[in-house]
Protein chains: 2
Amino acid sequence: MTSLKDVAALAGVSPSTVSRVINGTMHVSVATRKRVEAAIAEVNYRPNLLAQSLRLQVTKNIGLLVPEIAHPSFNLVIKYIEKSASKRGLNLLICNTENDYRREAQAIDMLLRQRINGIIFSRVSDESHVTSMSRSSNTPMVVIDRAFHNEKIPNVILDNYHAGVLAAKHLLACGCTRIATITGSFKIGLSRERYQGFRDTIEKSGLECDPALVHEGEFSFENGVAGVKEFLTKGLKFDGLWGQNDLIAAGAIATLMRNGIKVPHDVAVMGMDDVQFAAMYYPTITTIAQPYQQLCEKAVDYIDKLTNEECIDPFQVRLKPSLVVRESTQKENNLF
Amino acid sequence: MTSLKDVAALAGVSPSTVSRVINGTMHVSVATRKRVEAAIAEVNYRPNLLAQSLRLQVTKNIGLLVPEIAHPSFNLVIKYIEKSASKRGLNLLICNTENDYRREAQAIDMLLRQRINGIIFSRVSDESHVTSMSRSSNTPMVVIDRAFHNEKIPNVILDNYHAGVLAAKHLLACGCTRIATITGSFKIGLSRERYQGFRDTIEKSGLECDPALVHEGEFSFENGVAGVKEFLTKGLKFDGLWGQNDLIAAGAIATLMRNGIKVPHDVAVMGMDDVQFAAMYYPTITTIAQPYQQLCEKAVDYIDKLTNEECIDPFQVRLKPSLVVRESTQKENNLF
DNA sequence: TTGAAAGCGCTAACAC
DNA sequence: GTGTTAGCGCTTTCAA
């Protein structure tokens with residue numbers, strides 16, 4: 001591959017002059033500039049970013065770690081991180097951790113060897129682990145989507161308590177009086193927070209929050225199915241249901257319908273995240289939207305700021321979710 | 001950041017010895033090896049891949065270009081390419097082209113500057129364009145998901161004609177006699193091929209393929225909606241429908257149901273791709289599955305082979321799709 | 001078995 | 001305004 005030296009030889013100038021033309025770092029006389037540009041075009045010269053990064057001690061690459069690439073919400077995270085990064089001329093290296101802390105460690109190590117500019121963690125698997133990796137390097141890091149307490153690593157998260165509040169308020173406004181919920185694992189803080197906001201709001205309204213109508217499990221379609229099956233098997237009645245993400249909600253809706261229970265006519269169901277298929281389901285799914293775009297934009301912004309050694313303030317951003325009303329909770333417009 | 005030189009100084013050996021220990025390229029006496037290893041551990045040394053790549057003239061990174069990250073099928077492509085790449089110790093740089101040939105050109109240029117090891121194109125936007133870029137470099141490239149005629153760039157594609165055959169056969173086997181289809185743009189070869197296989201099969205069975213029951217558009221949910229609306233507005237009757245991808249099928253199902261037409265009872269509907277939500281829809285969607293995993297594995301394998309200057313054979317791989325039967329075409333097990 | 005030295009392609013101080 | 005030179009961190013001959 002042609003190098004800067006080749007271009008210089010062709011144009012009859014020194015390598016530094018070519019460098020100056022390319023980077024516009026200093027004034028170069030018009031005549032030589034023309035000659036250099038002609039030479040560059042002639043040999044189709046492409047600067048070697050490896051050499052440049054080595055010399056400058058900076059790269060234009062950032063790393064993104066997600067637990068699972070083909071998951072509708074991480075999918076959106078990837079999309080928006082890429083968008084924000086590319087807007088700033090940064091390139092994205094994607095790593096799938098598969099929720100395995102060993103793969104996570106490997107990925108971080110690889111990224112640090114690449115001397116990338118920053119790492120964004122979506123849903124870190126093991127806090128102490130990332131912490132120890134971060135200690136041995138001063139590469140900018142940001143954690144999104146999960147509260148993370150570390151004096152070096154800022155986080156951009158969602159106000160999950162508020163998400164629970166919004167969900168409960170909406171179901172109450174729909175006239176529901178026996179409200180069920182299917183949650184993610186309570187080992188994960190955000191599941192607990194969502195549930196807390198949800199429960200507090202229902203109880204504040206004067207209704208009780210029946211523990212039997214709470215099903216804890218994973219953030220998956222299958223868990224939505226399992227939750228509804230459990231409620232039905234126990235013969236429990238309910239007229240509203242919140243799944244802590246849209247996958248759960250979809251599983252719940254499908255299972256209710258399969259059992260002859262109509263959504264929203266008999267049970268109003270809502271989800272959370274506002275992933276793409278929420279608007280494509282039948283019925284379309286009412287949901288608590290995460291501001292993914294803002295969240296990702298902020299994360300990349302923080303990497304940028306840390307790179308330039310600007311200070312991060314606030315150190316933990318907590319974004320607000322919002323309600324998106326669709327068919328699955330609109331009892332008045334009965335679909336069936 | 002600590003360099004090889006620092007480690008060498010600490011261990012009291014020369015840089016070359018440290019290099020030899022790390023890479024295992026030559027025999028090093030046990031005593032010095034121990035000392036070097038201790039030094040490496042002590043300072044938490046991480047080799048600089050930038051320097052190494054510059055020296056060795058190879059990187060361990062590959063690039064993947066997709067037209068849209070947050071699309072259920074490209075999502076699967078990203079997932080499986082990452083999987084195959086990471087199995088081979090390769091890292092993945094993702095670029096979103098947004099179907100814009102200018103962004104595509106920019107992305108290719110950036111990747112070539114990074115001196116990445118290979119580029120995988122999913123659905124190239126403009127053939128001649130990629131071709132010209134490829135001419136000026138000898139970086140391994142592979143095109144997937146779209147037939148591409150270039151003597152330097154192999155492709156891994158799907159037998160789209162056969163997909164159409166399978167879809168038609170299945171709907172015929174379901175007892176459908178008036179079969180509609182909603183296709184992607186006929187400007188794209190694969191839409192035409194799918195339709196051709198579909199049509200040939202229907203006609204071979206003795207039925208006619210009514211041109212009024214063909215709706216051409218995009219590979220989107222909205223096009224599924226639009227297609228069914230068109231058929232219904234025209235007062236056309238049909239008892240089977242194939243959407244050329246699962247998004248179209250979902251849009252069609254939702255629209256039929258909204259109009260009181262039951263799926264699969266009144267109309268059997270099927271899609272294509274077998275994206276994740278196909279198994280989560282209500283009803284679950286019968287579909288023609290693309291072997292994404294195989295396709296991606298092959299693509300990465302080809303990059304690997306080209307890197308090692310092995311020969312590629314066959315130059316164009318055409319994989320077979322397969323039928324996945326779910327509820328949306330099972331008339332006998334009426335869901336409603 | 002180990003070290004010295006050159007060089008991958010680039011940039012930036014320093015000269016002129 | 002332009003050239004010379006050193007060096008980013010690594011590997012690899014070549015010598016010892």
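Every heavy atom of this structure was used, including side-chain atoms; hydrogens, water molecules and symmetry mates were not. Numbers restart at 1 for each chain; the letters A, B, ... are given by sequence-line order, proteins then strands.
- The backbone N or O of A:Pro15 lies less than 3.5 Å from no partner atom in the side chain of A:Ser19, so there is not a single donor-acceptor pair.
- Looking only at atom types and distance, the side chain of B:Asn91 has a donor-acceptor partner in the side chain of A:Gln114 under 3.5 Å away.
- In this structure, B:Thr139 contributes its side chain and B:Gly118 its backbone to no donor-acceptor pair below 3.5 Å.
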Could you walk me through whether A:Arg146 and A:Asn155 satisfy the side chain to side chain contact (heavy atoms under 4.5 Å, CB included) test, starting with their C-alpha distance in whole Å, then the side-chain angles of each, then the deciding distance to 0.1 Å, before giving a yes or no? CA-CA 8 Å; A:Arg146 179 164 169 179; A:Asn155 30 135; over 6 Å; no
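- The two residues B:Pro67 and B:Asn96 make their nearest non-hydrogen contact at O-OD1, 3.1 Å.
- Between A:Glu68 and A:Arg123, none of the side-chain N atoms (NZ, or NE/NH1/NH2) sits under 4.0 Å from a carboxylate O, so this pair counts as no salt bridge.
- A residue-by-residue look at B:Gly12 and A:Val18 shows that B:Gly12 has its nearest nucleotide of DNA chain C further toward the 5' end.
- Remark: B:Lys83 engages B:Tyr80, B:Gln293 in a side chain to side chain contact (heavy atoms under 4.5 Å, CB included) (not counting sequence neighbours).
- Counting only distance, with no hydrogens or angles, the side chain of A:Arg35 and the backbone of A:Ala11 share a donor-acceptor pair below 3.5 Å.
- A donor-acceptor pair under 3.5 Å links the side-chain atoms of A:Ser136 to the main chain of A:Met133, judged by distance alone.
- B:Ser122 contributes no side-chain N or O that, together with a main-chain N or O of B:Leu65, makes up a donor-acceptor pair within less than 3.5 Å.
- Regarding B:Asn23, its CG atom lies at a distance of 10 Å from the P atom of D:dC10, rounded to whole Å.
- Less than 4.0 Å separates DNA chain C from at least one heavy atom of each of the following residues of residues 46-61 of chain A: A:Pro47, A:Asn48, A:Ala51, A:Gln52, A:Arg55, A:Leu56.
- Axis orientation changes by 50° from one end of the helix from C:dT1-D:dA16 to C:dC16-D:dG1 to the other, with each end axis drawn from 5 pairs and the value rounded to 10°.
- Between the side chain of B:Asn117 and the backbone N or O of B:Thr59 there is at least one donor-acceptor pair closer than 3.5 Å.
- Within the 3.5 Å criterion, the main-chain N or O of B:Leu50 finds a donor-acceptor partner in the side chain of B:Asn48.
- Atom CE in B:Met1 sits roughly 14 Å away from atom C1' in D:dC8 (whole-Å rounding).
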Hey, can you pull the donor-acceptor pairs under 3.5 Å for the side chains in residues 69-76 of chain B, sequence neighbours left out?
from: B:His71; atom 1: ND1; to: B:Ser73; atom 2: N; distance (Å): 3.1
from: B:His71; atom 1: ND1; to: B:Ser73; atom 2: OG; distance (Å): 3.0

Restricting both atoms to N or O, compile the protein contacts to nucleotides 13-16 of chain D shorter than 3.5 Å, with distance only.
none

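- Of all nucleotides in DNA chain C, those with any atom nearer than 4.0 Å to a heavy atom of chain B start and finish, going 5' to 3', at C:dT1 to C:dG9.
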